[in-house]
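Heavy-atom basis, side chains included; hydrogens, waters and symmetry copies ignored. Counting convention: from 1, in listed order, for ligands and their atoms alike. Residue numbers start at 1 and run along the sequence shown.
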Amino acid sequence: MVTFFSDRHALHAPAFEFFRGERVPCFETPARAGFVRDRLLARGHALREPEADSLQVLTQVHTARYLRFLAGAWDHWVALDPENAGRQPFPSVWPVRTLRSDVEPDNFVARLGLYSMDNGSPLSAGTWTAAKAGADAAVSAARCLGAGERAVFCAARPPGHHAGADFMGGYCFLNNAAVAAQALVQQGCERVAVLDVDYHHGNGTQSIFYDRPDVLFVSLHGDPRTEYPFYLGHADETGRGAGEGFNLNLPLPAGSTVPAWFDALEAACARLARHGGDALVVSLGLDTFAGDPISAFALQGDDFSRLGRRLARLGLPVVFVLEGGYAAAELGLNAVNVIEGFEQG
Ligand code: Q9C
Ligand code: ZN
């Protein structure tokens, strides 16, 4: 399968995040992509450098002021104090209900809070460059589908599906799946679908397309009553206005079994089949793996092959976009299993 991979991912390398009140090493690491790259190469899949510039598509998915903030964030942080180069910025204040988010404060940490949904998405010096490489891969993949390719894999990090039009969150900065879907629409696909199989609900992708009938969003995820991102991903979120009926959430309790997960996948596939459409984007989170350190589903290696085979049966051209998955050493095998299952299916 055509696979886009850029070494620029490694420029996003924050050291730690907050977890249960403690500073802990980041779960979302450069090593993750290294394991995926190594397994792809070992299985004979050629890697291609993303060649497209995603900037125009990014302005259709994210707001101008958020893109401006993200592109300059690290320089602004270091400009406050040269010693900040060795520190990580974290937001500590957010414009929740009754507070204004239309006025952008001058204060850096206040702006960081304005553009963040959590304190769990640490920035580093190369975050913009790395995230941009992922978006470039997403547009490159869409172009490949336009040129007749059956399926393309974007093996990029950081992930994207929690990032909304104007905020980062959940280790995500630029919404690569939304960028792929928007690029497909712009190049003439009238109906696109996004299937999100990450353990966590893709709140960013849902919100970006919530009012639109041209991009169907379907997600299988841990029930937000107990699982991140908590404030979106319930079954009663079905779309709004012209987008009513074009959003399907299939939340499952933490601890759900593999058969329960595949039953939900069947329901997702039924909705995707009814949509028809010209192309599918898969937000390929692999944190549904039994060994994932921060998630609670139970998929094993073979189940990822089965997922790939099932998606092939939809008969649609597919852009696979890597999302979460934090059992790093198994991430490569699990990703390749989906890819090769799809190719066999
Ligand atoms: N710092 C993805 O899988 N963070 N994101 C929990 C708190 C939320 C996961 C730990 C997990 C986000 C793309
Ligand atoms: Zn996830």
Side-chain angles (χ1 to χ4, degrees), residues 9 12 14-30 32-33 36 88-92 94 112 116-124 127 130-131 134-135 138 154-164 167-179 194-208 219-233 249-252 254 256 261 281-299 304 307 320-328 330-331 334-335 338:
H9 81 82
H12 175 65
F16 65 85
E17 63 179 82
F18 289 102
F19 187 60
R20 296 176 181 156
E22 309 276 349
R23 268 173 57 149
V24 303
C26 285
F27 288 97
E28 200 291 290
T29 59
R32 296 175 63 242
V36 174
Q88 288 180 216
F90 283 95
S92 54
W94 289 269
L112 186 56
S116 300
M117 64 178 276
D118 62 12
N119 80 336
S121 310
L123 289 160
S124 76
T127 297
C154 297
R157 62 167 286 281
H161 74 150
H162 295 304
F167 60 86
M168 62 189 84
Y171 317 143
C172 301
F173 301 90
L174 297 175
N175 194 314
N176 301 320
V179 166
V194 179
L195 172 65
D196 190 322
V197 297
D198 188 279
Y199 179 77
H200 307 94
H201 175 252
N203 62 283
T205 317
Q206 169 172 313
S207 63
I208 287 164
S219 181
L220 231 68
H221 51 268
D223 191 328
R225 288 169 194 275
T226 62
E227 307 305 290
Y228 187 90
F230 306 116
Y231 310 112
L232 209 66
N249 284 328
L250 298 162
L252 293 162
S256 287
W261 192 86
V281 177
V282 177
S283 262
L284 185 59
L286 299 159
D287 40 13
T288 51
F289 178 55
D292 195 89
I294 63 168
S295 310
F297 287 165
L299 273 65
F304 291 103
L307 168 61
F320 290 95
V321 177
L322 184 64
E323 301 281 3
Y326 307 100
E330 287 88 3
L331 191 67
N334 292 340
V338 176

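- The residue from Pro91, Ser121, Ser92 that alone fulfils the side-chain contact (heavy atoms from CB on, under 4.5 Å) condition with Leu112 is Pro91.
- Within Asp287, OD2 is the N, O or S atom that lies nearest to the Zn ion (ligand 2).
- Listed here is the closest heavy atom pair of Arg32 and Ala328: CG-CB, 4.2 Å.
- For Tyr171, the ring-ring contact (aromatic ring centres under 6.0 Å, His included) test picks out Tyr326, with sequence neighbours left out.
- Put simply, the side chain of Trp94 gets close to the backbone of Ser116: a donor and an acceptor are under 3.5 Å apart.
- Considering His12, His162, His161 in turn, His12 is the only one that fulfils the ring-ring contact (aromatic ring centres under 6.0 Å, His included) rule with Phe173.
- Under the salt bridge (charged side-chain N to carboxylate O under 4.0 Å, His left out) criterion, no residue pair touches residues 15-27, with sequence neighbours excluded.
- In this structure Tyr199 satisfies the ring-ring contact (aromatic ring centres under 6.0 Å, His included) test together with Phe297, sequence neighbours excluded.
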Pairs under 3.5 Å, N/O atoms on ligand 1 and on the protein: can you put them in a table with the distances?
residue  : atom  : partner : partner atom : Å
ligand 1 : 1 (N) : Glu17   : OE2          : 3.0
ligand 1 : 1 (N) : Phe18   : O            : 2.5
ligand 1 : 3 (O) : His200  : ND1          : 3.2
ligand 1 : 3 (O) : Asp287  : OD2          : 3.0
ligand 1 : 3 (O) : Tyr326  : OH           : 2.6
ligand 1 : 5 (N) : His162  : NE2          : 3.3
ligand 1 : 5 (N) : Gly170  : O            : 3.0
ligand 1 : 5 (N) : Tyr326  : OH           : 3.3

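- In terms of distance to the Zn ion (ligand 2), the nearest N, O or S atom of His200 is named ND1.
- Among heteroatoms of the N, O or S kind in Asp198, OD1 lies nearest the Zn ion (ligand 2).
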